[in-house]
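Counting begins at 1 with the first residue of the sequence. Computed from a predicted structure; not experimentally measured.
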Amino acid sequence: MTFDIIVRGGTLPDGKVADIGIRGETITAIEPRLDAEAGRVIEAAGNLVSPPFVDPHFHMDATLSYGIPRINASGTLLEGIALWGELKQVMTLEEVRDRALAYCDWAVSMGLLAVRSHVDTCDDRLLGVEALLEVKKTVAPYIDLQLVAFPQDGFYRSPSARANTLRALDMGVDVVGGIPHFERTMADGTRSVTELCEIAAQRGLAVDMHCDETDDPLSRHIEQLAYETQRLGLQGRVAGSHCTSMHSMDNYYVSKLLPLIAEADVSIIPNPLINIMLQGRHDTFPKRRGLTRVKEMQALDIRVGWGQDCVLDPWYSLGTADMLDVAFMGLHVAQMSSPADMRRCFDMVTNVNAAIMGLAHLGLEIGKRASLVVLDAGNAIEAVRLRPDRLCVISRGKVVAEREKRDTKLSIDGRPATINRRHRLPV
Ligand code: FE2
């Protein structure tokens with residue numbers, strides 16, 4: 001038996017040690033020891049081998065634009081939206097495309113091989129849509145890029161958003177988005193959820209809506225999203241992103257809401273880096289964290305992933321395309337500190353996010369696509385703690401990124417040593 005690639009002796013996220021055999025674009029063997037020839041052997045002993053990282057919530061039309069035309073002085077979501085409106089007036093298709101492609105290179109280097117990006121549909125030129133459709137085609141050999149038609153300035157509130165959103169879907173954008181909390185009234189927000197879900201049902205598309213990204217405890221559009229999902233038979237195809245208002249909702253109301261979300265099989269995508277940065281800005285003290293109720297939803301088997309949302313754009317001045325940064329922040333803000341919860345945070349940025357995006361071809365299993373990452377960490381918890389180098393990234397059976405292992409040489413008191421900050425936990 002021969003393979004194109006064998007990834008030798010790595011530790012899988014479940015703790016098992018195995019060789020992974022790859023033929024063409026497919027994982028064809030996972031065994032404790034493969035005695036076989038291979039075109040290339042990648043030694044992974046002592047290192048974590050994981051499925052690729054997946055980001056189910058991003059804005060690729062805005063990424064790497066930080067400081068253009070100016071910086072968000074207040075740091076709020078609303079100034080970010082206003083600033084993005086200024087940028088939209090001056091940006092060109094080529095600039096959007098080149099920034100997005102530069103970001104995709106970062107993503108590959110971090111083992112991030114699937115991204116769901118919202119793309120603003122309120123610009124009459126639909127320049128971002130055109131640019132990202134081109135990017136999607138360019139990166140298709142190595143990144144699964146899904147696009148969401150996102151009426152940033154409001155499906156009803158922005159005069160041409162409705163027509164432009166439909167045009168974007170006609171052009172090939174994959175998923176229906178929305179922003180009900182930004183419409184003029186609660187009633188308009190509710191109506192937008194209904195119409196957008198009906199559009200998705202008619203076209204056989206998935207839905208991913210920015211839903212209740214506010215500190216207002218009475219912003220309850222997620223309830224309508226769950227209702228429309230079950231009414232229209234969209235179960236398993238709908239996600240609510242952010243859902244930060246749930247942080248501040250009345251506890252009795254939440255005890256009714258969560259079973260409705262579970263019943264409708266609606267996925268939830270909090271974005272912890274951005275939520276902890278933008279929410280609670282109107283508070284004095286105590287200052288709310290603004291992250292949705294992650295553990296409480298997981299306890300009801302609601303699918304909750306972690307999204308990144310922003311890298312160097314009008315809303316967020318940092319970011320590196322590292323989904324382990326996202327998991328690390330999410331772990332802290334949601335207080336997911338038990339070993340099981342820490343492992344779960346790693347699972348959220350790999351397998352759970354892939355499930356939210358409907359990417360059944362990803363995962364470390366025989367017959368799945370040969371896309372994987374070798375990390376300079378011993379296990380999934382250590383990976384979240386260290387956010388380590390990606391030593392090797394394989395996409396569709398091809399090595400697309402590699403780097404040397406980098407240990408630090410110390411010279412202290414004549415005591416030379418090499419350290420890498422790994423530390424095996426007693427559990
Ligand atoms: Fe977003």
Side-chain angles (χ1 to χ4, degrees), residues 53-63 66 72 75-78 80-81 84 103 107 110 112 114-120 146 148 150 152 175 177-182 207-215 219 221-222 225 238-248 266-281 288-295 297-298 302-336 344-346 348-350 352-354 356-357 384 387:
F53 294 101
V54 177
D55 182 0
H57 189 110
F58 195 63
H59 294 263
M60 209 178 271
D61 51 356
T63 196
Y66 178 72
N72 182 339
T76 59
L77 172 69
L78 294 179
I81 293 174
W84 170 238
Y103 177 79
M110 303 311 285
L112 170 54
V115 178
R116 175 181 279 180
S117 173
H118 296 254
V119 54
D120 192 348
Q146 272 181 10
V148 186
F150 175 48
Q152 169 79 73
V175 178
I179 186 165
H181 56 275
F182 196 69
V207 175
D208 189 332
M209 220 169 266
H210 284 65
C211 206
D212 307 319
E213 188 185 2
T214 155
D215 293 317
S219 187
H221 298 294
I222 183 64
L225 187 62
V238 175
S241 283
H242 293 293
C243 300
T244 51
S245 72
M246 200 191 291
H247 180 99
S248 303
V266 169
S267 301
I268 304 294
I269 308 170
N271 299 283
L273 291 167
I274 308 309
N275 298 154
I276 197 71
M277 187 66 102
L278 297 185
Q279 300 305 310
R281 288 270 178 166
R288 285 168 288 180
R289 296 173 184 224
L291 190 77
T292 196
R293 304 193 190 201
V294 176
K295 286 198 284 191
M297 286 193 274
Q298 289 173 331
I302 295 168
R303 209 179 294 104
V304 184
W306 291 128
Q308 184 178 211
D309 205 6
C310 301
V311 168
L312 290 167
D313 68 11
W315 297 274
Y316 189 56
S317 48
L318 301 169
T320 61
D322 188 353
M323 291 306 291
L324 288 174
D325 283 346
V326 178
F328 185 80
M329 180 60 79
L331 181 155
H332 283 80
V333 184
Q335 300 178 325
M336 295 177 70
R344 188 167 204 164
C345 282
F346 188 89
M348 288 165 73
V349 291
T350 52
V352 177
N353 284 348
I356 288 174
M357 285 178 61
V384 176
R387 286 151 286 142

Undergrad: Ignoring hydrogens, what is the shortest heavy-atom contact between Ser219 and Ser245? Give both atom names and the distance.
TA: O-OG, 2.8 Å
Undergrad: Between atom OG of Ser267 and atom CE of Met357, what is the distance when rounded to the nearest 0.5 Å?
TA: 12.0 Å
Undergrad: Do the side chains of Leu77 and Trp315 get nearer than 4.5 Å, heavy atoms only?
TA: yes
Undergrad: Could you check whether any side-chain heavy atom of His242 comes within less than 4.5 Å of a side-chain heavy atom of Thr292, counting everything from C-beta outward?
TA: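 The answer is no; the side chains never approach within 4.5 Å.
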Undergrad: Using distance only, find each side-chain donor-acceptor pair of residues 323-336 under 3.5 Å and give its atom names and separation, not counting sequence neighbours.
TA:
from: Asp325; atom 1: OD2; to: Thr320; atom 2: OG1; distance (Å): 2.9
from: His332; atom 1: ND1; to: Phe328; atom 2: O; distance (Å): 2.7

Undergrad: If you round to the nearest 0.5 Å, how far is SG of Cys243 from CG of Asp212?
TA: 6.0 Å
Undergrad: Are any non-hydrogen side-chain atoms of Leu318 and Tyr66 less than 4.5 angstrom apart?
TA: no
Undergrad: Identify which one of Asp313, Asp120, Asn72 satisfies the side chain to side chain donor-acceptor pair (under 3.5 Å) criterion when paired with Trp84.
TA: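 When Asp313, Asp120, Asn72 are each tested with Trp84, the side chain to side chain donor-acceptor pair (under 3.5 Å) holds only for Asp120.
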Undergrad: Mind listing the closest non-hydrogen atom pair of Cys211 and Ile222 along with its distance?
TA: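 Between these two residues, the closest heavy atoms are SG-N, 3.4 Å.
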Undergrad: Under 4.5 Å between any side-chain heavy atoms of Arg288 and Asp215, yes or no?
TA: yes
Undergrad: Hey, what do you get for CG (Leu278) to SG (Cys310), rounding to the nearest 0.5 Å?
TA: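 Rounded to the nearest 0.5 Å, the CG-SG separation comes to 7.0 Å.
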Undergrad: Hey, does His118 have a side-chain heavy atom less than 4.5 Å from the side chain of Met60?
TA: no
Undergrad: If I compare all heavy atoms of Leu273 with all of Tyr316, which pair ends up nearest, and what's the gap?
TA: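 Smallest heavy-atom distance, with atoms named: CD2-OH, 3.7 Å.
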Undergrad: Does Met277 reach the side chain of Ile274, with side-chain heavy atoms less than 4.5 Å apart?
TA: no
Undergrad: Under 4.5 Å between any side-chain heavy atoms of His247 and Gln279, yes or no?
TA: no
Undergrad: Quick one: closest heavy-atom pair of Met348 and Val294, and the distance?
TA: CE-CG1, 4.2 Å
Undergrad: Checking Ile269 against Asp208 for the side-chain contact (heavy atoms from CB on, under 4.5 Å) test, could you report, in this order, the C-alpha distance in whole Å, the side-chain angles of both residues, the deciding distance, and whether it holds?
TA: CA-CA 9 Å; Ile269 308 170; Asp208 189 332; 3.4 Å; yes
Undergrad: What verdict does the side-chain contact (heavy atoms from CB on, under 4.5 Å) test give for Met297 and Arg303, after you've listed the backbone C-alpha separation in whole Å, the side-chain angles of each residue and the deciding distance to 0.1 Å?
TA: CA-CA 8 Å; Met297 286 193 274; Arg303 209 179 294 104; over 6 Å; no
Undergrad: Please lay out, stage by stage, how His57 and His210 fare under the test side-chain contact (heavy atoms from CB on, under 4.5 Å).
TA: CA-CA 10 Å; His57 189 110; His210 284 65; 3.2 Å; yes
Undergrad: Which atoms form the tightest heavy-atom contact between Gly305 and Pro270, and what is the distance?
TA: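 Heavy atoms of Gly305 and Pro270 come nearest at O-CD, 2.9 Å.
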Undergrad: Please lay out, stage by stage, how Ile179 and Phe150 fare under the test side-chain contact (heavy atoms from CB on, under 4.5 Å).
TA: CA-CA 8 Å; Ile179 186 165; Phe150 175 48; 3.8 Å; yes
Undergrad: For the OG atom of Ser117 and the NE2 atom of His59, what is their distance to the nearest 0.5 Å?
TA: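 Rounded to the nearest 0.5 Å, the OG-NE2 separation comes out at 7.0 Å.
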Undergrad: With side chains defined as the heavy atoms from C-beta onward, is the minimum distance between Leu112 and Tyr103 less than 4.5 Å?
TA: yes
Undergrad: When rounded to the nearest 0.5 angstrom, what distance separates CD in Gln308 from CZ in Phe53?
TA: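 Nearest 0.5 Å value for the CD-CZ distance: 12.0 Å.
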Undergrad: Please give me the minimum heavy-atom distance between Ala239 and Ile356, naming the atom from each residue.
TA: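 Shortest heavy-atom separation between Ala239 and Ile356 comes out as CB-CG2, 4.5 Å.
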Undergrad: Check Arg116 with Asp55, please: is the shortest side-chain N to carboxylate O separation under 4.0 Å?
TA: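 Salt bridge between Asp55 and Arg116, a charged N being under 4.0 Å from a carboxylate O: no.
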Undergrad: Got a second to check how far Arg344's CZ is from Lys295's NZ, nearest 0.5 Å?
TA: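 Here the interatomic distance stands at 10.5 Å.
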